[in-house]
> 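Just passing along the structure, written as structure tokens.
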Amino acid sequence: MRWTSFFSPTLRDAPADAEAISHQLLVRGGFIRQLHSGHYTLLPLAFRVRKKIIRIVEEEMDAIGGQEVQMPTLQPSSIWKDSGRWESMGEIMFRLEDRHGSQAALGVTAEEIFATVANEISSYKQLPQMWYQIHTKYRDEARPKSGLLRVREFTMKDAYSFDIDEDGLDKAFEKQHQAYVKIFERLDLNVIPVEASSGNMGGSDSIEFMVRAESGEDDVLICGECGYAANIEKAVSQLSEIVDEPGPVVPEKFSTPEIRTIAALAEIGYPSEKQIKTMVYLIDGQVTLVLVRGDHMINEQKLADATQAVNLRQAWKNETIETLGASPGSLGAVKVSDLPILADHALNGRTNMTTGANEDDYHLSGVDIDRDINVSEWLDLREVQAGEACVSCGGSLDLVSTIESGNIFKLGSKYAEVFGAKVLDDNGVSRPLVMGSYGIGIERAMATIVETHHDDKGIMWPISVAPFQVVITVVQVKDEESMQVAESIYENLLNAGIEVLLDDRDARAGVKFADAELIGIPIRVTIGPKGIADGVVELTTRSDGEMDLVKIDDVISTITDFLS
RNA sequence: CGGGACGUGGCGCAGCUCGGUAGCGCACCUGCUUUGGGAGCAGGGGGUCGAGAGUUCAAAUCUCUCCGUCCCGACCA
């Protein structure tokens, strides 16, 4: 490709509203343009990168027996109603009606569709199966952000495995795990597999593949000692034991005017780890009290997972007052008998605690949880904090921000049962298929690579996904000899199957160098009159900026060697 | 959904307080000079000032409503 006919509108300044570095560089480099919030046009450069990522994903999926298919993105409401996700997907799902008034949705994910097709499998002899597609997904995100990192329309590789039993699923899951490791290696993304919540996918085991990045929005806890890693929605830790002083036989009410917070109560002599934090939630319409230790935070995803809630929110202030008769700041669960009370494990067995009295401006001290609070269920609800001890080795946990680049789920038979995807086993017994589902966001991977491969001059693509492997920068386009050498190297590289961009623009050298660096081509061949006089050209690698003088006749072999 | 900011040529911005019909840098076009790290000079093209309504002789500027975009939080397969 010749730059003079190539469409890559580079910009000197990034748009003011681009915050994430990948967003800035992809826009500045002429890879993408925004159409509206969460929807981006992929210009030729980005499209080339996308294709390469897709190719890598396809190769690794095919290598583990994946079969590529393509499902419709416009899907009838009926199958989503059958699985219950027409409801539970909530606002994330784009919905529309056709001219006949039939309701439909744009594909958010495809468990339902794949399970429907899996009806065609009738015997255990046809198993296992692994199907995947690389196709557009639509999600009405509450807040699209950070360029390609969180969008409403994107390409996803979604794979689905079908097995006769859990054992088969375990194998498929492991194969996908291994394939992911290879894919991310080839993309030069340093992924951390972490235990994760499966959200409303309804699965059991779930692993997310996370890449550390400044602009990441998922928090992960990692143990530097033993390698334990988990999403904050799932992470657990060890707490040092607290020995409570013996308390009174009944709780004692005391006046606490002006005291509305855990911190304020701590200041007057009731340490936060000796307090009970009481929060009021509406869990699928049911008012519920949720208790954690005073110095702990509730993680709502844990709460949602533990309760299988579809709709979950904190109660409004007025709802709280109606229910408990007091305002937030004076709430407690002592003597509450008509509401479910969910408590975090860290409160188990504690005595002589302090909590709100359910009467404004009063608290209770000397609360013995077993004796005074009617806990319905003990659950893991609290959010682990940085520095806490690892459950497996006691090491200190680090909190790091990451981008979720892929995930794998064990779905079990939920969808197979709903859609009647059953097969006969070797005893002639009908059994539902056991499914897994496995996703990777393609454009997100592209942006994540930029997040992790850039310097102050621009992008530094790994060779595996670079839009071009080589750029030939002709310093003096009007110098005939330079152009002749450039044309000849260009032709030879093309013949060698290498993707080359020939910068034949009549621009100043500085402009051309800056553009080449901005768009991140791994190898630059610089051709100028000076070198030609000596029979050499320059080879510069983008990743380390190192420059070598190479004889003109050796350029092709040097480059092909370097690339292989 | 809660909080905050912004909307003026392709990009970055000024002008708005105090109303008088739009300007700067980059980019773009033409010519000349220049040519190894974002050139110089000269000339030129391009803007419903987010939209609508209102106030006014007159609105980018004042008022109201709406729309859009970004950031923080909530939420998020």
Side-chain angles (χ1 to χ4, degrees), chain A residues 7 9-20 23-24 27-30 33-39 80 83 85 88-93 105 107-112 137-147 149-152 154 156-158 160 196-203 206 208 215 217-218 231 233 298-301 303-304 309 311-314 316 404 406-409 411 437-441 444 457-458 473-479 482 503 505-518 524 526-533 537-538 540 545 547:
Chain A
F7 184 59
T10 56
L11 300 172
R12 196 175 289 199
D13 302 308
D17 51 16
E19 193 94 345
H23 187 191
Q24 294 180 8
V27 172
R28 277 190 57 208
R33 287 294 184 264
Q34 178 172 321
L35 181 61
H36 59 148
S37 183
H39 300 260
W80 290 96
S83 70
R85 291 210 288 183
S88 65
M89 276 288 175
E91 294 181 312
I92 200 81
M93 187 178 237
V108 171
T109 176
E111 285 74 15
E112 283 80 353
K137 294 284 181 288
Y138 297 89
R139 292 181 188 180
D140 194 356
E141 291 287 346
R143 182 148 95 86
K145 57 180 283 199
S146 308
L149 285 173
R150 177 163 296 278
V151 292
R152 304 202 301 175
F154 61 98
M156 181 161 116
K157 181 286 295 186
D158 48 324
Y160 303 85
S197 153
S198 48
N200 84 342
M201 296 290 292
S206 158
E208 291 174 340
S215 55
E217 41 182 0
D218 281 303
N231 192 303
E233 296 170 351
I298 289 180
N299 182 290
E300 289 193 359
Q301 187 64 46
L303 181 58
N311 288 303
L312 177 149
R313 66 167 170 86
Q314 238 182 298
W316 309 131
E404 180 186 350
N407 59 32
I408 55 179
F409 288 105
L411 295 175
S437 96
Y438 317 92
I440 293 179
R444 179 181 282 185
K457 292 174 177 162
T473 304
V474 185
V475 170
Q476 267 278 17
V477 171
K478 285 182 180 146
D479 178 58
S482 291
D503 193 349
R505 295 174 301 170
D506 184 14
R508 301 180 73 82
V511 173
K512 300 170 82 159
F513 293 148
D515 274 348
E517 283 155 353
L518 174 60
R524 186 177 85 208
T526 310
I527 299 174
K530 289 178 193 167
I532 288 197
V537 296
E538 293 165 21
T540 311
M547 190 269 278

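The sequence lines fix the lettering, A, B, ..., with proteins before strands; numbering per chain opens at 1. All values reported here derive from a predicted model rather than from experimental measurement.
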> Could you tell me the Watson-Crick or G-U partner of B/G9, where both distances fall under 3.5 Å? Say none if there is no partner.
none
> Summarise protein proximity over nucleotides 35-40 of chain B in one line of letters, 5' to 3': B for base, S for sugar-phosphate only, - for none, counting protein heavy atoms closer than 4.0 Å.
BBBBB-
> Is it the case that the side chain of A/Lys145 and the backbone of A/Val151 share a donor-acceptor pair, with hydrogens and angles ignored and the cut-off at 3.5 Å?
no
> Using whole Å, what does the distance between atom P of nucleotide B/C29 and atom CZ of A/Arg505 come to?
12 Å
> Listed by chain and number, what are the side chain to side chain donor-acceptor pair (under 3.5 Å) partners of A/Gln24, not counting sequence neighbours?
none
> So, A/Arg139 side chain and A/Ile92 main chain: donor-acceptor pair closer than 3.5 Å or not?
no
> B/A60 and B/G47: how far apart are their C1' atoms, nearest whole angstrom?
11 Å
> Would you mind pulling out the nucleotide paired to B/A14, Watson-Crick or G-U wobble, both distances under 3.5 Å?
none
> With rounding to the closest Å, how many angstrom separate the P atoms on B/A74 and B/U17?
39 Å
> Between A/Arg33 and A/Gly441, which residue's closest nucleotide on RNA chain B lies nearer the 5′ terminus?
A/Arg33
> Could you list the residues that satisfy side chain to side chain donor-acceptor pair (under 3.5 Å) with A/Arg28, not counting sequence neighbours?
none
> Is the backbone N or O of A/Arg505 less than 3.5 Å from a side-chain atom of A/Lys512, with the two atoms forming a donor-acceptor pair by type?
yes
> Starting from C1' on B/A77, measure out to NZ on A/Lys137 and report it in whole angstrom.
10 Å
> Do NZ/NE/NH1/NH2 and the carboxylate oxygens of A/Arg85 and A/Glu111 come within less than 4.0 Å?
yes
> Suppose you measure atom P in B/C18 against the same atom in B/C1; what distance do you get, rounded to whole Å?
35 Å
> Which base, if any, makes a Watson-Crick or G-U wobble pair with B/A59, both distances under 3.5 Å?
none
> Which base, if any, makes a Watson-Crick or G-U wobble pair with B/C28, both distances under 3.5 Å?
B/G44
> Is B/G73 paired to anything, Watson-Crick or G-U wobble with both distances less than 3.5 Å, and if yes, which nucleotide?
B/C1
> In the structure I gave you, are the side-chain heavy atoms of A/Glu112 and A/Ser83 within less than 4.5 Å of one another anywhere?
yes
> Hey, does A/Tyr138 have a side-chain heavy atom less than 4.5 Å from the side chain of A/Met93?
no
> Need the pair for B/G38. Rule: Watson-Crick or G-U wobble, both distances under 3.5 Å, any strand; none if unpaired.
none
> Distance check, P atoms only: B/U61 and B/C72, in whole angstrom units.
31 Å
> Rounded to whole angstroms, how far apart are CD on A/Glu217 and C1' on B/A77?
13 Å
> With rounding to the closest Å, how many angstrom separate the P atoms on B/G46 and B/G10?
13 Å
> What distance, rounded to whole Å, do you find between the two C1' atoms, one in B/A51 and one in B/A59?
15 Å
> Would a distance-only check, ignoring hydrogens and angles, find a side-chain to backbone donor-acceptor pair under 3.5 Å from A/Arg152 to A/Asp140?
no
> Just the atom pairs and distances: protein N or O near nucleotides 45-48 of chain B's N or O, under 3.5 Å.
none

> State whether A/Asp503 and A/Arg524 are salt-bridged, where the test is any N-O pair (Lys NZ or Arg NE/NH1/NH2 against Asp/Glu carboxylate O) under 4.0 Å.
no
> With side chain to side chain contact (heavy atoms under 4.5 Å, CB included) as the test, would you mind laying out the steps for A/Ser437 and A/Asp158 before giving the verdict?
CA-CA 7 Å; A/Ser437 96; A/Asp158 48 324; over 6 Å; no
> Closer than 4.0 angstrom, basic N to acidic O: yes or no for A/Arg313 and A/Glu300?
no
> If I take atom CD in residue A/Glu91 and atom P in nucleotide B/C76, what distance separates them, rounded to the nearest angstrom?
12 Å
> For each nucleotide in nucleotides 67-74 of chain B, reading 5' to 3', give B when a protein heavy atom comes within less than 4.0 Å of its base, S when such contact involves only the sugar-phosphate, and - otherwise.
--SSBBBB
> From CZ of A/Arg85 over to P of B/C76, roughly how many Å is that when rounded to an integer?
14 Å
> For nucleotides B/A39 and B/U48, find the distance between their C1' atoms and express it as a whole number of Å.
37 Å
> Heavy atoms only, 4.0 Å cut-off, all strands: where does A/Arg313 land among base, sugar-phosphate and nothing?
nothing
> Mind checking the P distance from B/U65 to B/C76? Whole angstroms is fine.
33 Å
> Using atom CE of A/Met93 as one end and atom C1' of B/C76 as the other, report the distance to the nearest whole Å.
14 Å
> A/Glu208: what forms a side chain to side chain donor-acceptor pair (under 3.5 Å) with it, not counting sequence neighbours?
A/Asn231
> With both distances under 3.5 Å as the test, what is the Watson-Crick or G-U wobble partner of B/A51?
B/U65
